[in-house]
Amino acid sequence: LQEKGYEEFAEALGQRESGGNYKIVNTLGYLGKWQFGLARLTDLGYCERIPGTIGSGNFAFRWKTGYSKEYFLNTPDLQNRIFKAHVQDLVERIKRAFPASLGQKVGNITFTLSGGVAGTHLGGLGGIKKFLEGSPSLDAFGTSVGEYVARFGGYNLKT
């Protein structure tokens, strides 16, 4: 049986997030195939906080020179590179924050690295912490972090 790897993970998560549509913007302003917000794109070096703003909504951030919403939405290669960097960053964060939880069962769900990355993509590290503590964690649309941990568990994320 062929192991599911990074490419399959990226495609499956992109399908779940946007139907695989690089050009989509949801009602909350999340962008592209993997539905990135500007706060996360700031973490990854493509946007910056507008001085004097507070909060994590898109209103508090702007694109750095050379980037724009239109460029992001119309450049699949850029989104693919950003997603790869995002996954690599989340892998490291999860290994640091929750090393003892990897491979453990939470309810009937085994917490794997790929499931953790997907759950963190949806609900942040705080959402994963709640999941591991047995508390429900939902995004703004009511999607459960646990659903993502279960659905996207078991992929090999070595890129």
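Predicted model, so just to flag it, every value in this text is computed and none were measured.
Lys84 approaches Tyr6 most closely through the heavy-atom pair CA-OH, 3.2 Å. Considering every non-hydrogen atom in both Leu73 and Ile24, the closest pair reads CD2-O, 3.7 Å. Nearest approach of Thr53 to Ala60, heavy atoms of both residues: OG1-O, 3.2 Å. Here the closest heavy-atom approach between residue Cys47 and residue Thr42 is recorded as CB-OG1, 3.2 Å. Across every non-hydrogen atom of Gly154 and Ser114, the tightest pair is N-OG, 3.0 Å. Taking both residues in full, the closest heavy atoms of Ser137 and Gly127 are given as OG-CA, 3.3 Å, listed atom of the first, atom of the second, then distance.
For Glu11 (side chain) and Glu8 (main-chain N/O), no donor-acceptor pair under 3.5 Å exists by modelled atom type. Under the 3.5 Å distance criterion, the side-chain polar atoms of Trp34 are matched with a main-chain donor or acceptor of Ala10. A distance-only check finds a donor-acceptor pair linking the side chain of Ser18 to the backbone of Gly20 [under 3.5 Å]. Not a single donor-acceptor pair under 3.5 Å links the side chain of Thr143 to the backbone N or O of Asp139. A donor-acceptor distance shorter than 3.5 angstrom exists from the side chain of Arg49 to the backbone of Gly55, with no hydrogens or angles considered.
Residues Leu102 and Thr112 are not in side-chain contact: their nearest non-hydrogen atoms beyond the backbone lie 4.5 Å or more apart. A heavy-atom distance below 4.5 Å is found between the side chains of Phe9 and Val117. Leu38 places a side-chain heavy atom less than 4.5 Å from the side chain of Leu31. Between Phe61 and Ile50, every side-chain heavy-atom pair lies at or beyond the 4.5 Å cut-off. Ile94 places none of its side-chain heavy atoms less than 4.5 Å from the side chain of Ile128. In this structure, the side chains of Tyr67 and Leu78 come closer than 4.5 Å at one or more pairs of heavy atoms.
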| Between Leu113 and Lys95, does a side-chain contact (heavy atoms from CB on, under 4.5 Å) hold up when you go through it step by step? | CA-CA 8 Å; Leu113 198 51; Lys95 284 179 175 177; 3.8 Å; yes
| said: Using the rule given for side-chain contact (heavy atoms from CB on, under 4.5 Å), can you reason through Glu133 versus Val106, listing the C-alpha separation, both sets of side-chain angles and the distance that settles it, and then say yes or no? | reply: CA-CA 8 Å; Glu133 292 168 349; Val106 178; over 6 Å; no
| message | Is there a side-chain hydrogen bond (donor to acceptor under 3.5 Å, both in side chains) between Tyr22 and Asn80? Walk through the geometry before answering. | response | CA-CA 10 Å; Tyr22 286 98; Asn80 293 340; 2.8 Å; yes
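Rounding to the nearest 0.5 angstrom, the gap separating the NZ atom in Lys4 from the CG atom in Leu157 is 11.0 Å. The CD atom of Gln104 lies 14.0 Å from the CD1 atom of Ile109; values are rounded to the nearest 0.5 Å. Remark: Ile54 CD1 to Phe59 CZ distance equals 9.0 Å, nearest 0.5 Å. Taken from NZ in Lys158 to CG in Asn156, the straight-line distance is 5.0 Å, to the nearest 0.5 Å. Expressed to the nearest 0.5 Å, how far CD1 of Ile82 lies from CG of Leu44 amounts to 7.0 Å. From Arg151, atom CZ reaches atom CG of Leu122 across 11.0 Å, with rounding to the nearest 0.5 Å.
Ring geometry for Tyr148 against Phe152 counts as perpendicular: the plane angle is over 60°, on a 0 to 90° scale with 30° as the lower cut. Taking the six-membered ring for Trp and thresholds of 30 and 60 degrees, Phe83 and Phe36 have ring planes more than 60 degrees apart, a perpendicular arrangement.
Take Asp89 and apply the salt bridge (charged side-chain N to carboxylate O under 4.0 Å, His left out) test, not counting sequence neighbours, and it matches Arg40, Arg93. For Thr110, the side-chain hydrogen bond (donor to acceptor under 3.5 Å, both in side chains) test picks out Lys105, with sequence neighbours left out.
At a cut-off of 3.5 Å, with distance as the only test, no side-chain donor of Asn58 or Tyr30 sits close to an acceptor on the other residue. Side-chain N/O atoms of His121 and Gln35 include no donor and acceptor closer than 3.5 Å. With no hydrogens or angles considered, no side-chain donor-acceptor pair links Glu92 and Gln88 at under 3.5 Å.
Using a 4.0 Å cut-off between charged side-chain N and carboxylate O, Glu147 and Arg16 make a salt bridge. We find that Glu17 and Lys33 are not joined by a salt bridge, their nearest charged nitrogen and carboxylate oxygen being 4.0 Å or further apart.
Connection of Val91 to Val149 is established within a shared hydrophobic cluster, with ILVMFWY side chains joined at heavy-atom distances below 4.5 Å, either directly or through further cluster members. Using a 4.5 Å cut-off between side-chain heavy atoms of Ile, Leu, Val, Met, Phe, Trp and Tyr, with links allowed through other members, Tyr46 and Val25 fall into the same hydrophobic cluster.
Here the two rings, on Phe72 and Trp63, have centers that are under 6.0 Å apart.
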